[in-house]
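Reminder, nothing fancy here: chain letters follow the sequence lines and each chain counts from 1.
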There are 2 protein chains.
Amino acid sequence: MALGANRRPDGDDLEIIEPLCAVFRRRLKSEGAKYTPERAEVLDAIVRIEGIFEAEDLLERLQAEGRRVSKATVYRTLKIMQDAGIVQRVLSVGDQARYQLAYGRAGTDQLVRLDGGRVESIEPPGLKALCEQVCAQRGVKYQGHRLQVFATAPERGG
Amino acid sequence: MALGANRRPDGDDLEIIEPLCAVFRRRLKSEGAKYTPERAEVLDAIVRIEGIFEAEDLLERLQAEGRRVSKATVYRTLKIMQDAGIVQRVLSVGDQARYQLAYGRAGTDQLVRLDGGRVESIEPPGLKALCEQVCAQRGVKYQGHRLQVFATAPERGG
DNA sequence: CTTGGTGCAAACATTTTGCAGCACA
DNA sequence: TGTGCTGCAAAATGTTTGCACCAAG
């Protein structure tokens, strides 16, 4: 289901879809851009992925679902969404660009399960202060930070 | 100056070059690989860069200095060094893979200048402990972490 | 000598871009 | 109705690989 049309109030993602969609439309309008079905599809897919994804994940997912969205459009939309603050590039462990939903969800800090790929938000106490301190020491202005903590399931027989 | 030959005890990088070179040679030998002049050049360039670099930085630098090392060799050497733990990939802000010396130096945490793109390594005190604590609380095994702190030049008139 | 390494250029994978027709505002 | 958007495929990166000759051990 695309975002703009036929939205029903019973989806469990709606709490996030609704405002996100609005943010996106507002942003698009503010720069004279259009809210097209393709862009809605992309946003919808991103929301449903619920985690970190690559451009190709989106493309595969959309095509597997029979959506008619081209590679070029996925990349173009992703770029717009980055500028709009809807998605953000996250730290990549490997080669490709990876993104995550940046709106409505979470802080910027994550616990990444290396076994399975699940990602959850964390809020380590005092982290922001620590980062601000680093900046203060170097005489630069703190603008933000992002932390990934990597973990695996605890050992059983070890 | 390549690493293996003509080393003199007055260089200020030697304290790091020496053991690194040894580590590299040992590693190469352990897998039946050879210690070639090209590999020495690459290692030398990496040490002299003293920070985060991309493959192309190495290539440019080497070629600007008249070293005869090809792109392919730079990439191949970089891969070997990664496996050997001599360099590590670090978080990329843009598109390309970035590396830094992983031996004797620095961790994975960075201060990213949003104005200009400079990246430098930082070591916020207690960060690792904080991350380990997060893992402990969730009952997972800490495997590592990565932090990026974003900053801009301090305001002057604001 | 043998085995692995090098440079080159072609192959690759990912992301970007030019163009002609199409659809949103 | 006009401007921007789409898909396609070609171009543009950044990285890897095949091959013939060369060098380290």
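- Between the side chain of Asp109(A) and the backbone N or O of Leu147(A), at least one donor-acceptor pair lies under 3.5 Å.
- Under the 4.5 Å side-chain heavy-atom criterion for Ile, Leu, Val, Met, Phe, Trp and Tyr, Tyr75(A) and Phe53(A) are members of distinct hydrophobic clusters.
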With the sugar-phosphate defined as primed atoms, P, OP1 and OP2, and the base as all remaining atoms, what B/S/- string results for nucleotides 17-25 of chain C, 5' to 3', for protein heavy atoms under 4.0 Å?
BB----BBS
For nucleotides 20-22 of chain D, give me every protein contact, N/O to N/O, under 3.5 Å, one pair per line with atom names.
none

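- Of all heavy-atom pairs between Ile80(A) and Leu28(A), the closest is CG2-CD2, 3.9 Å.
- In this structure, Glu54(B) reaches neither bases nor backbone, as no heavy-atom distance under 4.0 Å exists between it and the strands shown.
- Closest of all the heavy-atom pairs between Glu41(B) and Arg67(B) is OE1-NE, 3.2 Å.
- For Cys135(B) against Leu111(A), the heavy-atom pair with the smallest separation is SG-CD1, 4.1 Å.
- With rounding to whole Å, Ile80(A) atom CD1 is found 12 Å from dT6(D) atom C1'.
- Contact detail for Lys141(B) and Ala153(A): the closest heavy-atom pair is CB-O, 3.9 Å.
- Shortest non-hydrogen contact noted between Ser70(A) and Leu59(A) is C-CD1, 3.9 Å.
- The CZ atom of Arg25(A) sits 13.5 Å away from the OG atom of Ser30(A) when rounded to the nearest 0.5 Å.
- Note: CZ (Arg98(B)) to P (dG14(D)) measures 12 Å, nearest angstrom.
- A donor-acceptor pair under 3.5 Å is formed between the side chain of Thr77(A) and the backbone N or O of Thr73(A).
- Between Leu78(B) atom CG and dT16(D) atom P there is a gap of 9 Å when expressed in whole angstrom units.
- Fit an axis to the five pairs at each end of the helix from dC1(C)-dG25(D) to dA25(C)-dT1(D) and the two axes sit 40° apart, to the nearest 10 degrees.
- Between the side chain of Arg146(B) and the backbone N or O of Arg146(A), no donor-acceptor pair lies under 3.5 Å.
- A straight line from CD of Gln63(B) to C1' of dC8(C) spans 12 Å, rounded to a whole angstrom.
- Proximity of Arg68(B) to the phosphate of dG7(C): no side-chain N or O atom is located under 4.0 Å from OP1 or OP2.
- Ion pairing between a basic and an acidic side chain is recognised when a charged N comes within 4.0 Å of a carboxylate O; Arg48(A) and Glu65(A) show such pairing.
- Among the nucleotides dT6(D), dG7(C), dT15(D), the one closest to any side-chain atom of Thr73(B) is dG7(C).
- Along DNA chain D, the nucleotide closest to Gly32(A) and the one closest to Lys71(B) are compared, and the more 5′ of them pairs with Gly32(A).
- Atom CG of Leu62(A) is separated from atom P of dG7(D) by 10 Å (rounded to the nearest Å).
- The nearest whole Å value for the distance from the CD atom in Glu38(A) to the P atom in dC8(D) is 11 Å.
- Rounded to an integer number of Å, the gap from Arg39(B) CZ to dG7(C) P is 10 Å.
- Between Asp57(B) atom CG and dT13(D) atom P there is a gap of 17 Å when expressed in whole angstrom units.
- The two residues Pro125(B) and Leu130(A) come nearest to each other via the heavy atoms O-CD1, 3.6 Å.
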